[in-house]
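Working notes for the structure below.
Along the sequence shown, residues are numbered consecutively beginning with 1.
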Amino acid sequence: VRVNNDLTTETNFQLPAEGVTVGTVEIIAERPMINKSATNAVRIIDNEFFSKIPARGTGAAIAIQPGVVVQGGNVYIRGSRPDEVGFKVEGVTTSSVLSGGNALYTTAEAVEQIQVQAGGFNAEYGGANAGLVQTQLRVGSPEGWKLSLLTETDRYTKYGEKSLGGYSYGYSDWTGTFGGPLVGRTVRFFGAIQNTFYRDPSTSVREPY
């Protein structure tokens, strides 16, 4: 079709009926849809995922992965004991040698990616028979300095008094991040700070008698 000012010219042409021909395809191996011997499963949680779930913290994101249960602050993968799950941050082991579990708390705003690996990995990860949780931290943006501030609180009413259908338990959380380039676009900096306060650390809700 050619359009020239107010003049439109229509051109019709026939396409050949023959299909596209290719060379002979030879199948050299078949791959089953389900590999019964594959015991390894890796699931990746990125920073964008944390902003979408209705909960705070990395533990909430890890808990909803298949085969993972988080209870009492401990991570259980495929029914394991707490000391059978390994933890690493930037390749450094952070597992507690005394009681198992993760000995290092990392705020979710400082995390770039978390990999939850269930079974089947190499023997180089000692003390991680059931699973492995690896954390990669964020880096500063090369485009410029960026800052963020997030705050949560239930102190909209007095402690112990009901308001807006709920109570205040004295909880507050302040989390700030800042990062950017230091030398050109090569050397970058990122930092995060978090302050969390609980007036009642063992919050429990019971209906009145």
Side-chain angles (χ1 to χ4, degrees), residues 32-138 150-154 165-175 177 192-207:
M33 295 183 62
I34 299 177
N35 189 355
K36 295 184 294 184
S37 61
T39 60
N40 181 284
V42 179
R43 294 171 177 87
I44 298 177
I45 310 169
D46 56 12
N47 182 263
E48 183 180 359
F49 183 84
F50 293 111
S51 62
K52 295 181 179 179
I53 61 174
R56 291 291 307 280
T58 58
I62 297 173
I64 62 177
Q65 303 306 312
V68 179
V69 174
V70 177
Q71 186 175 15
N74 296 322
V75 178
Y76 304 88
I77 297 180
R78 295 180 177 178
S80 66
R81 298 181 178 89
D83 57 353
E84 293 178 343
V85 179
F87 294 89
K88 286 181 176 290
V89 176
E90 293 291 337
V92 179
T93 300
T94 59
S95 301
S96 174
V97 296
L98 297 178
S99 58
N102 193 3
L104 178 65
Y105 172 78
T106 306
T107 178
E109 284 71 25
V111 173
E112 178 65 29
Q113 185 183 95
I114 293 180
Q115 293 186 9
V116 180
Q117 191 169 356
F121 38 81
N122 298 332
E124 60 184 289
Y125 304 109
N129 299 326
L132 187 67
V133 179
Q134 301 187 82
T135 303
Q136 301 293 328
L137 302 179
R138 293 176 59 185
L150 175 66
T151 178
E152 291 181 344
T153 184
D154 65 359
Y167 293 88
S168 172
Y169 298 94
Y171 163 76
S172 66
D173 180 273
W174 296 80
T175 304
T177 65
I193 184 171
Q194 181 181 30
N195 179 274
T196 305
F197 178 79
Y198 293 93
R199 184 181 296 274
D200 186 0
S202 57
T203 303
S204 59
V205 180
R206 297 179 178 88
E207 292 293 333

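Rounding to the nearest 0.5 Å gives a distance of 8.5 Å between CG of Leu132 and OG1 of Thr93. For the atom pair Ile62 CD1 and Arg43 CZ, the distance stands at 13.0 Å (nearest 0.5 Å). Distance CD/Gln115 to CD1/Ile44: 5.0 Å, rounded to 0.5 Å. Here the CZ atom belonging to Phe87 is positioned 7.0 Å from the OG1 atom belonging to Thr94, to the nearest 0.5 angstrom. Distance check, rounded to the nearest 0.5 Å: OG of Ser96 to CG of Leu104 gives 11.5 Å. Taking CG from Asp173 and OH from Tyr198, the interatomic distance works out to 7.0 Å, rounded to the nearest 0.5 Å.
The number of heavy atoms from other shown groups lying within 6.0 Å of CD1 (Ile193) does not exceed 12. Within 6.0 Å of CD on Glu90 lie more than 12 heavy atoms contributed by other residues, nucleotides or ligands. No more than 12 heavy atoms of other residues, nucleotides or ligands shown are found within 6.0 angstrom of CZ on Arg81.
Of all the heavy atoms in Ala192 and Thr177, the pair that sits closest is CB-CG2, 3.9 Å.
For the side-chain contact (heavy atoms from CB on, under 4.5 Å) with Ile45, the lone residue among Ile114, Thr135, Val133 that qualifies is Ile114. Checking Val85, Val42, Val68 one by one against Val116, the side-chain contact (heavy atoms from CB on, under 4.5 Å) holds for a single residue, Val68.
Arg138 places a side-chain N or O within donor-acceptor distance of the main-chain N or O of Glu109, the cut-off being under 3.5 Å. Checking side-chain atoms of Thr153 against main-chain N and O of Tyr171 turns up a donor-acceptor pair under 3.5 Å.
Proximity of Thr58 to Val111: side-chain heavy atoms (C-beta onward) are separated by under 4.5 Å at one or more points. Considering only heavy atoms from C-beta on, Asp154 comes within 4.5 Å of Tyr169 through its side chain. Counting only heavy atoms from C-beta outward, the side chains of Phe49 and Ile64 approach each other to under 4.5 Å.
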Would you please test Leu137 and Thr106 for side-chain contact (heavy atoms from CB on, under 4.5 Å) and show each step? CA-CA 9 Å; Leu137 302 179; Thr106 306; 3.8 Å; yes
